[in-house]
J.: 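One structure is given below, represented as structure tokens, and several questions about it will come after.
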2 protein chains.
Amino acid sequence: MESSVTLAEVARQAGVSSSTVSRILNGTTNVSHAKREAVERAITALNYKPNVLARNLARGRTMNIGVLTQDISSPFYGDMLRGIEQGLAGSGYLPIFADGHWHAEEENAAIDVLLSHKTDAMIVLGGAIPDQRLIEVAAQVPLIVFGRDIHQLPGQCLKIDNEQGAYLLTRHLIEFGHQRIAHIAGPSAHRDARDRLSGYKTALEEAGLPFIPELVLEGDFLETSGFVAATRLFEGREMFSAIFAANDQMAYGARLALYRKGVRVPDDISLVGFDDLPSSTYTTPPLTTVRQPTYELGITLAQSMLRMLSGERANLPDIKPQLVIRESTVMLRYSASTHRR
Amino acid sequence: MESSVTLAEVARQAGVSSSTVSRILNGTTNVSHAKREAVERAITALNYKPNVLARNLARGRTMNIGVLTQDISSPFYGDMLRGIEQGLAGSGYLPIFADGHWHAEEENAAIDVLLSHKTDAMIVLGGAIPDQRLIEVAAQVPLIVFGRDIHQLPGQCLKIDNEQGAYLLTRHLIEFGHQRIAHIAGPSAHRDARDRLSGYKTALEEAGLPFIPELVLEGDFLETSGFVAATRLFEGREMFSAIFAANDQMAYGARLALYRKGVRVPDDISLVGFDDLPSSTYTTPPLTTVRQPTYELGITLAQSMLRMLSGERANLPDIKPQLVIRESTVMLRYSASTHRR
DNA sequence: TTGTATGCGTTATCAG
DNA sequence: CTGATAACGCATACAA
């Protein structure tokens with residue numbers, strides 16, 4: 001546990017003032033060749049490493065960017081964090097992650113922690129805290145928000161059009177001849193979930209198909225709830241030939257329920273998800289879904305933040321949901337008696 | 001961007017010295033009731049938030065714990081990070097994550113960053129840097145390592161017995177009557193991969209089964225490589241009735257390859273992975289594998305670190321690999337002609 | 001170009 | 001119990 005070398009010691013060793021050392025370190029001013037050499041020699045000789053804390057305190061900024069996520073371990077956010085990290089790489093800024101667990105109080109606490117650590121900026125991914133809180137945060141540091149649309153923060157929010165995505169998915173199923181499409185919705189308290197439900201309804205309506213409440217069950221965006229919902233769907237009395245799960249994770253759960261029931265996908269039932277998680281390429285069969293390019297989104301968020309930090313506007317681009325048709329959906333044969341009941 | 005309130009301002013507002021405010025904040029010494037009240041009033045009135053940077057600099061410690069991971073977005077590490085975060089919750093310590101991407105240089109850089117931020121301790125997950133470097137790190141801060149076994153750091157390393165896990169998996173297949181078991185190995189540069197291969201060999205040997213080099217292909221622990229390997233396995237001339245992929249992710253890839261070939265799992269081919277990622281419960285069929293309880297391991301790592309930080313020994317427990325038998329493996333019927341060729 | 005003096009916001013030492 | 005005063009390690013006006 002060797003105590004670390006200070007700048008002052010380097011200065012002494014090199015026979016110059018500490019200001020000079022500081023200047024060399026930061027490239028603030030020109031320094032004579034001789035002294036620069038001496039200092040550099042001293043630095044390597046003493047193996048000097050600047051103390052970031054002291055530097056930050058003196059400078060008044062930390063080069064840290066707080067990132068509030070809702071679940072580090074989820075494939076969705078995980079990928080996004082990787083994107084953010086990548087987008088920040090080489091910029092000198094370091095992302096500091098905190099997890100809010102989709103819980104308003106924890107999110108607030110996490111934001112406080114981040115702020116008390118004097119992060120120069122903040123990126124918020126999803127979450128359940130009121131918009132107002134974020135508006136306050138935005139008054140203190142540059143802020144970019146993903147997954148929410150806050151009117152008071154124009155150009156600082158990035159959000160996919162969930163309704164449109166759900167619409168595309170549902171229409172895709174309808175075009176494949178499906179008329180009775182079940183929907184495993186996300187938690188109704190969740191904005192994205194409501195929007196996706198809404199897109200589902202719109203597509204049905206547009207096609208002149210009836211909305212059947214019994215075919216809509218609510219999950220919590222996790223696999224287990226998809227499993228439960230799909231199972232219950234089979235216990236219900238309404239028939240269906242396709243299931244639209246409000247996210248990929250619930251689709252995975254539903255997939256297992258179907259497997260357990262001996263129902264084939266897509267032969268008997270077509271299945272679609274939402275998000276296009278990396279693993280959706282590898283499910284059996286690969287899942288038709290709507291793509292949220294999480295990694296790229298992370299990069300975009302990071303870059304926009306860097307832009308904001310350099311004084312420009314964040315200028316977040318719009319994201320169009322993109323249908324990814326794979327093998328879990330198939331044209332409904334009209335002879336099909338397989339779509340149960 | 002309101003400038004933040006300082007402790008000194010609180011002191012002035014409350015009519016006391018800044019030392020007193022500091023004492024109240026830290027509970028260092030007793031303070032008269034009257035002054036305490038005044039200070040607390042001032043704090044809420046001014047909405048004072050302590051500057052963590054200044055505090056850390058003065059105290060000489062940050063209450064931050066550096067965590068070096070190799071891929072934030074991987075389900076394996078992601079879950080572990082969540083465990084670490086959970087295990088640290090309420091302790092006052094904050095984890096700071098950095099990603100080494102399984103790349104020695106990046107790992108070194110990340111460690112330097114973490115150290116320059118004066119993290120009070122360090123948790124290293126996997127990685128490709130030489131042991132020596134970690135030993136040096138351990139000389140500077142309390143260190144705990146996961147996924148490696150460094151003799152010079154006794155009791156500070158946590159590692160599952162990979163060889164034993166692979167052995168269990170292979171023996172399970174053998175007990176199910178499989179005699180020709182293919183293995184999709186991890187990168188041979190990777191210690192875990194070598195150990196798993198070794199466990200596979202041991203089980204074969206013990207059962208008197210021949211080791212067939214053509215049935216062992218090397219992947220890179222990612223899904224795609226599992227897909228490629230499984231596909232190539234079918235192009236080879238050696239037959240097999242089971243595949244042991246060195247981790248779940250490659251098993252997923254292999255699963256897809258089998259699906260594409262129209263080969264059923266487990267009816268035609270049994271498949272096993274390694275790690276028991278959360279999603280392995282939801283693959284079709286659910287995957288037989290060996291469990292690495294990532295989340296719990298994360299918690300363990302965090303708790304051990306807290307123990308170390310409080311002066312005790314880390315005292316890391318041993319982890320026994322645990323076989324999780326699900327539906328991707330089945331007893332081989334001797335009439336089976338299905339195991340191809 | 002270089003050095004001196006001062007400040008960044010807290011904590012810690014030391015009198016009182 | 002409380003208040004000056006000196007660190008903490010570095011950056012930066014201000015002089016020279």
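All chains are named by letter (A, B, ...) in the order of the sequence lines, taking the proteins before the strands, and each is independently numbered beginning at 1. Just the heavy atoms: all of them, side chains too, but no hydrogens, waters or symmetry mates, feed the values below.
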J.: What is the separation between atom CD1 on B:I24 and atom P on D:dG3, rounded to the nearest whole Å?
T.: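 My rounded result for the distance is 10 Å.
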J.: Rounded to whole Å, please give me the gap between CE in B:M63 and P in C:dT11.
T.: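 So the two atoms are 13 Å apart, to the nearest Å.
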J.: To the nearest Å, give me how far apart NE2 (A:H33) and C1' (C:dT1) are.
T.: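 In whole Å, C:dT1 C1' lies 15 Å from A:H33 NE2.
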J.: Within this structure, what is the NE2-to-P distance between A:H117 and C:dC8, rounded to whole angstrom?
T.: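 Checked: the NE2 to P distance equals 22 Å.
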J.: Determine whether the side chains of A:T62 and A:N56 contain a donor N or O and an acceptor N or O closer than 3.5 Å.
T.: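 No, A:N56 and A:T62 have no side-chain donor paired with an acceptor closer than 3.5 Å.
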J.: Step through the shown structure and confirm whether more than 12 heavy atoms of other residues, nucleotides or ligands are within 6.0 Å of CD on B:E105.
T.: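 No, the 6.0 Å shell around CD holds no more than 12 heavy atoms from other groups.
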J.: Could you write nucleotides 6-16 of chain D as a row of B, S and -, 5' to 3', where a protein heavy atom under 4.0 Å of any base atom gives B, of only sugar-phosphate atoms gives S, and otherwise -?
T.: --BBBBBB---
J.: Side chains of residues 295-307 of chain B: which donor-acceptor pairs under 3.5 Å do they make with residues two or more places apart or in other chains?
T.:
| from | atom 1 | to | atom 2 | distance (Å) |
| --- | --- | --- | --- | --- |
| B:T300 | OG1 | B:E296 | O | 3.0 |
| B:S304 | OG | B:T300 | O | 2.8 |
| B:R307 | NH1 | B:A314 | O | 2.6 |

J.: Under 4.0 Å between a side-chain N or O of A:K35 and OP1 or OP2 of C:dG3?
T.: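 Looking at the OP1 and OP2 atoms of C:dG3, one of them is under 4.0 Å from a side-chain N or O of A:K35.
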J.: What integer distance in Å separates B:R36:CZ from D:dC1:P?
T.: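 That distance rounds to 10 Å.
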J.: Going by the rule side chain to side chain contact (heavy atoms under 4.5 Å, CB included), which residues pair with B:R61 if we only count those two or more places apart in sequence or in a different chain?
T.: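 Result, side chain to side chain contact (heavy atoms under 4.5 Å, CB included) vs B:R61: B:R59, B:M63, B:Y93, B:D120.
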J.: For B:R191, I'd like to know if atom CZ has over 12 heavy atoms of other residues, nucleotides or ligands within 6.0 Å.
T.: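 Open: at most 12 neighbouring heavy atoms sit under 6.0 Å from CZ of B:R191.
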J.: For the pair made of CD in B:E9 and P in C:dC8, what is the distance, rounded to whole Å?
T.: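 Atom CD in B:E9 sits about 10 Å away from atom P in C:dC8.
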J.: Are a donor atom and an acceptor atom from the side chains of A:T20 and A:S17 found within less than 3.5 Å of each other?
T.: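 Note: A:T20 and A:S17 side chains meet the donor-acceptor criterion.
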J.: Could you state the CG-P distance from A:N56 to C:dG9, rounded to the nearest angstrom?
T.: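 After rounding, the gap between these two atoms is 13 Å.
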